[in-house]
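Okay, so here's the structure we're looking at.
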Amino acid sequence: MLNYFVTRLFRAVLTILLVMTFAFVVLRLSGDPASILLGPDAPTDSIAAFRARWGLDDPLWKQYLAYLKSIAQLDFGVSMRDRSPAIDLVLERVPATLALTVPTLLIQLGVGIPAGVYAALHRESVADRGVIMLSIFGFTIPSFVMGLVLVLVFAVTLGWLPSGGQDSWQHAILPIATMSVGGIGILARFSRSAMIEVMGQPYIRTAMAKGLSWRDVVWKHALPNASVPIVTIVGFMVGSLIAGAVVVESIFSWPGIGRLLIVSVSNRDLAVVQCLLLVIASAMVIANLCVDFAYGLLDPRLRAKAAAH
Amino acid sequence: MLIHRRHALGLMGAAAGSLALPGLSFAQSQRRTVTIAVQKITNNNTMDVWNEQSNVGERVFFPNLWEGLINRNWMGDQGGVPGLATSWKRLDDKTIELKLREGVRFHNGDEMTADDVVFSFSDERVFAGTQPDGGETLYADNFKPKTDKELPAGVPGVGRRLWPALRGVEAVDKYTVRFHNASPDVTLEGRLIAFGSQIASRRAWDEAATYADWANAPVTTGAYKVQEYRPDVSLTLVAHDDYWGGRPPLAEIRFLEVPEVASRVNGLLSGEYDFACDLPPDQLDAVRNTAGLEVQGSTILNHRIQVFDKVHPVLSDPLIRRAMTHSIDRQLIVNALWDGQTKVPAGLQFEFYDDMFIKGWTAPEFNLEMARDLVKQSGYQGDAIPFRVLNNYYINQVSNAQIMVEMWKQAGLNVEIQMVENWGQVLEDNDTRGIRDWSNSATFNDPVSSIVAQHGPNGLQQQQHEWTNVEMNELSNFMQKSTDRGARKKAFARMLEITEREDPAFQVLHQNCVFTGMKSDLNWKAAPAFAMDFRADNWNAS
């Protein structure tokens, strides 16, 4: 079991290192921050001074070693735009993003999974058809379309809710609704499929044959077995709590991590982008690590397999 | 009257607020707040005029926050009007003396004096030890920050571009200053109007712990002061009631960063924003067709151009570049993409040059036959000419590029669009650099602020090794140093001939313009600029 966890932990650290390295190289090869930040009209001596100030005229390997060294000392660098510490800029935005993504996740879980399970247990019924139709509708509509339609209806036409910004709790309603729709659809579809597959298994027939109540069959046998694929999807959703609102934050002018990422990438604000990617990658990797551990706990066969190795 | 739930909540909040804040002055409550949705508040996340030399910076700085000794006449001809100086006179070709306005108060309550003007043009604030007029300049090796108050790396270069020969400013007495130039310059007054030459409080600078602290809320003399700046989110300016020009008409101006154009329009339609800026022409009808809203559009001191790289094997032949300039039906583009709201300018010049404006000069004539003939004369074999295009950095940039490629095709020219992501890629000096988009502004009312600054020997185009011309460079030097206005005008006319006809460095396409959607009852007028004037003279709403 320990071997199972250690292997996954090692993979997680390696993944984060690869993401950092990839981001470091690609960012520096895809555009000069001096030209981008100072603009097309900047004097050439200003460009040269800027490059010297931020070490951009050093060889790439030297810049990379300096970066690794500073990361090892938990120094995440300074924004080239306003010279604020990159980690401060990132952490300042995290609460705003979580204020959208956490309620979104809770709504997705609270609506998507029960809807999918209900549809599976009432297969071929009107409710089942309705859940399938709505879930396809939910996850096929791009969030930028959904967001604009909701704004048009609830802000422009009805005037019930604000169209953008972050001034009050009402401002969060439309972004959360926009993001929830897709996830509910995905979870409903996965939950339904998983439950249908499990309900056709011999052990369910056995459980029913031995006289267990329908409720016990579903809660004690079907749901735990159907949870493995659902946990995988939920893991992705939890991992994207930090970075999952890029489009929606732009549409609703919500000052979270997603908007900071867009602005920082377009300005090649290297320290901020690298810090963001590190935080995002860490969140994703940790979430997946938790999913891996959860597999081990949920499925005894995996524990046994790991122990056998 | 239909009262929505949100309005009802707002009314209840306002009622509660009025009970909770009895101390709020009656006068203050009479002034309203305006909310302005913009695509971008600043590019560099600072409120420093030397560090944020951008169109978006112009909008949030002028004329409400920053003021110069000579202000731009934003609502008029864009020339100079007395600002923090009441009068000025030339002592000689190199020196100008200005009398300061007495009783001007900074946002921190201090009176503005000559000492603040000297500081505003000092090494500490702008020039970082760089020498004037071709002397020792900013080299990367000797520019290392020593303290947090050290200037951003780009600032001294930007400062020297506007003031290449300024030796320094002398405080003659508390209300008199002299600007000393190292070489004769007829444009000193113009340089005082330009973006950057504004006055900041020395004490506020000294008291700030870091440059970032200072640049987040600089203390100036404008009608409004910075209350809160949240980079990439919002900027709140509040009235500076000691303003020398009279009590500001608004209690608060709130700029909100709303990057998506559809979101800005929706916010305006739903009544949340009073103004929505940076509207593209295809969104104008959505605003115009809504009761209570209107669109104000105006041309600005900025021309869209295409720049040629004459190092490129095909473009090295001036016949090809000339053919390209005559292949474009500029008026058709203005009508099709800009709803006819802007115009084709008279070459790279602006009417506010006044006596330096070359009357009778025009953009290259659209003449397909002439273009085809020039192509034929050049012996062009159909080799591809690359055209680097950003994804709508400029409004309509991609559509415009596609139209021009088709127009060039009609003349027999094979131009290929290369989509790139950023300016580093646009300017990258390699075999695939041919044509690129750009825009040129005039920062003050003389050709040296545009054609010399951008296409002369120290301009970006020549510094990027895209184009050069010996005669153009001699004329640029002459324009910068000569005080003979007649000879300067003749030289400018010749520069237009060289850069737009004989050995094209660029082609002018159209004048740029900006569109702002707004509530009609505000009775406010847009300036022919990005700047938004919220001083008393331009505000008449009840």
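Throughout, protein chains are lettered first and strands after them, A, B, ... in sequence-line order, and every chain is numbered starting at 1. Fair warning: this is a prediction, and the values are worked out from it, not measured in the lab. Values reported hereafter were calculated over all heavy atoms of this structure, with side chains retained and with hydrogens, waters and symmetry mates removed.
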With a 4.0 Å cut-off, would you call B:Glu428 and B:Arg388 a salt bridge? no
So which residue, B:Gln454, B:Gln464, B:Glu257, B:Glu52, ends up with the most heavy-atom pairs under 4.5 Å with chain A? B:Glu257
Which value, rounded to the nearest 0.5 Å, describes the distance between B:Leu293 atom CG and B:Asp274 atom CG? 10.5 Å
Salt-bridged, B:Asp278 to B:Lys40, with N to O below 4.0 Å? no
Checking heavy atoms, do the side chain of A:Arg259, its backbone, both or neither come under 4.5 Å from chain B? side chain
Residue from A:Ser253, A:Ser35, A:Ala34, A:Ser84 scoring the most non-hydrogen pairs under 4.5 Å with chain B is A:Ser253
From CE (B:Met419) to CD (B:Gln397), nearest 0.5 Å: 7.0 Å
Considering only heavy atoms, which portion of B:Glu421 lies under 4.5 Å from any heavy atom of chain A: side chain, backbone, both, or neither? side chain
Most heavy-atom pairs under 4.5 angstrom with chain A, which of B:Thr46, B:Asn266, B:Leu269? B:Asn266
Does this structure show an ion pair linking B:Asp232 with A:Arg81, if we count only N-O contacts that are shorter than 4.0 Å? yes
Between CD of A:Gln108 and CE of A:Met237, what distance do you get to the nearest 0.5 Å? 4.5 Å
Counting only non-hydrogen atoms closer than 4.5 Å, does B:Thr42 touch chain A with its backbone (N, CA, C, O), its side chain (CB onward), both, or neither? backbone
Can you tell me how far apart CG (A:Leu38) and CG (B:Asn51) are? Round to the nearest 0.5 Å. 8.0 Å
Side chains of B:Asn440 and B:Ser450: any donor to acceptor distance under 3.5 Å? no
Contact part of B:Asn44 toward chain A, heavy-atom cut-off under 4.5 Å: side chain, backbone, both or neither? both
If contact means a heavy atom pair closer than 4.5 Å, which residues of residues 264-279 of chain A contact chain B? A:Asn267, A:Arg268
Taking side chain as everything from C-beta outward and backbone as N, CA, C, O, which of these in A:Glu92 sits under 4.5 Å from a heavy atom of chain B? Side chain, backbone, both or neither. neither
Atom group of B:Arg230 that falls short of 4.5 Å from chain A, counting heavy atoms: side chain
Does any non-hydrogen side-chain atom of B:Asp437 lie less than 4.5 Å from one of B:Leu390? no
Name the region of A:Val151, side chain, backbone, both or neither, that has any atom closer than 4.5 Å to a heavy atom of chain B. side chain
Can you tell me if B:Tyr394 uses its side chain to pair, donor with acceptor, with the backbone of B:Ser439 under 3.5 Å? yes
Candidate pair B:Trp163 and B:Phe127, rule ring-ring contact (aromatic ring centres under 6.0 Å, His included), full reasoning: CA-CA 9 Å; B:Trp163 292 97; B:Phe127 298 118; 7.8 Å; no
Where on B:Leu460 is there a heavy atom nearer than 4.5 Å to chain A: the side chain, the backbone, both, or neither? side chain
